[in-house]
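What follows is one structure encoded as structure tokens, with my remarks underneath.
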Amino acid sequence: GAGVADASEAIAASAGALDASSAHTEGASSTSDADSLACVLDAVSALRAQAATASGAGDWEAAAELYQKCCDQLGACAGSEGSASARAALRKSLLNVAHACTKLERWEEARDASSEVIRVDPACATAYYRRGLALLGLDQPDAAQWDLQRASKLLPGNARVSRALGRAKRAPRSAPA
């Protein structure tokens, strides 16, 4: 595939495509908007099921692509006036994009998807954890340590977070320029 786009760009790019596919007249009722949203959420649910199957089989490339398709479809629905269910589904899909990209060692994409979640949900421990892993992969141990400390405060006692934080603390630092 073409890879997973920066989450913010994917959301912006998908808005036009989704608007075109769900265009309606000015006189249309809110029922048609609700029907459109329900249709998108149903399609995303099917994509998420396929992505879960792919990730369960270890096919992280397919999983990343399918989760990104979820983000693309949800982007237009999850704006400030969008539904809470669309925003929640987008958040989950972005976290899954970050997870798949981490497995694929596509660190920038994992960082960007996690950052998008943090932008809209600054208390999401999983997003800080996944961004911390991505920053470790990008050889940015200080930034990784900060994110992993935040994740640790939000998820006290979590073994995965503690192990990752330990790796960040032990990671070699570059000498100052």
Side-chain angles (χ1 to χ4, degrees), residues 1-14 44 47-72 74-75 78-80 84-177:
V4 180
D6 169 43
S8 297
E9 291 174 13
I11 291 168
S14 68
V44 165
L47 285 170
R48 286 183 57 79
Q50 292 173 16
T53 299
S55 64
D59 187 353
W60 295 107
E61 188 68 45
E65 187 175 324
L66 289 163
Y67 285 125
Q68 184 61 49
K69 285 182 182 180
C70 292
C71 293
D72 294 344
L74 288 163
S80 59
S85 56
R87 285 190 300 274
L90 179 59
R91 179 182 173 276
K92 286 181 188 178
S93 296
L94 285 166
L95 287 170
N96 288 119
V97 166
H99 181 64
C101 288
T102 299
K103 292 290 191 178
L104 294 165
E105 298 184 3
R106 292 184 352 207
W107 306 120
E108 283 118 2
E109 294 165 85
R111 178 201 59 209
D112 293 348
S114 298
S115 293
E116 183 63 20
V117 173
I118 291 166
R119 186 183 68 74
V120 297
D121 184 1
C124 181
T126 303
Y128 284 104
Y129 168 69
R130 294 200 175 142
R131 188 170 74 177
L133 294 178
L135 290 166
L136 274 174
L138 290 167
D139 293 323
Q140 297 175 14
D142 292 329
Q145 185 173 334
W146 191 94
D147 274 358
L148 293 166
Q149 284 173 332
R150 178 78 175 134
S152 181
K153 286 178 185 169
L154 293 166
L155 288 173
N158 183 288
R160 286 183 183 171
V161 173
S162 295
R163 283 192 302 270
L165 180 55
R167 284 195 314 269
K169 288 177 178 179
R170 292 186 305 274
R173 287 355 193 225
S174 302

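Throughout, residue positions are numbered sequentially from 1 according to the sequence presented.
A pairwise comparison of heavy atoms in Leu47 and Lys69 identifies CD1-CB, 3.9 Å as the closest pair. Nearest heavy-atom pair across Ile118 and Ala127 is CG1-CB, 3.5 Å. Considering every non-hydrogen atom in both Ala98 and Ser114, the closest pair reads CB-OG, 3.3 Å. Closest approach of Leu90 and Cys71 over heavy atoms only: CD1-CA, 3.7 Å. Nearest approach of Cys124 to Leu95, heavy atoms of both residues: SG-CD1, 4.0 Å. The minimum heavy-atom distance between Ala168 and Arg173, with the atom names listed, is O-NH1, 2.7 Å.
Here the straight-line distance linking atom CD of Gln145 with atom CG of Leu136 works out to 9.5 Å at 0.5 Å rounding. Here the CG-NZ distance, from Asp59 to Lys103, works out to 13.5 Å after rounding to the nearest 0.5 Å. The CZ atom of Arg130 sits 14.5 Å away from atom CG of Leu135, with the distance rounded to the nearest 0.5 Å. Note that CG of Asn158 is 8.5 Å distant from OG1 of Thr126, once rounded to the nearest 0.5 Å. One distance of note links CZ of Arg160 with CG of Leu133; it measures 10.0 Å at 0.5 Å rounding.
Within the 4.5 Å cutoff, the side chain of Asp147 has no heavy atoms near those of the Tyr129 side chain. Side-chain contact check for Arg91 versus Asp121: some heavy-atom pair is nearer than 4.5 Å.
Salt bridge present: Glu61 and Arg106 bring a charged side-chain N and a carboxylate O closer than 4.0 Å. Salt-bridge annotation for Glu116 and Arg119: present, with a side-chain N of the basic residue lying under 4.0 Å from a carboxylate O of the acidic one.
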Check step by step if side-chain contact (heavy atoms from CB on, under 4.5 Å) holds for Gln68 and Glu65. CA-CA 5 Å; Gln68 184 61 49; Glu65 187 175 324; 5.7 Å; no

For a side-chain contact (heavy atoms from CB on, under 4.5 Å) check, start with the C-alpha distance between Asn96 and Arg48, then their side-chain angles and the critical distance, and finish with the verdict. CA-CA 9 Å; Asn96 288 119; Arg48 286 183 57 79; 3.2 Å; yes

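With respect to Trp107, the side-chain contact (heavy atoms from CB on, under 4.5 Å) criterion is satisfied by exactly one of Glu105, Glu109, Arg111: Glu105.
Side-chain atoms of Tyr128 come within 3.5 Å of backbone atoms of Pro122 as a donor-acceptor pair (strictly under, hydrogens ignored). A donor-acceptor pair is defined here as one N or O able to donate and one able to accept, closer than 3.5 Å; no such pair exists between the side chain of Ser152 and the backbone of Leu148.
Qualifying ring-ring contact (aromatic ring centres under 6.0 Å, His included) partners for Trp60, counting only residues two or more places apart in sequence or in other chains: His99.
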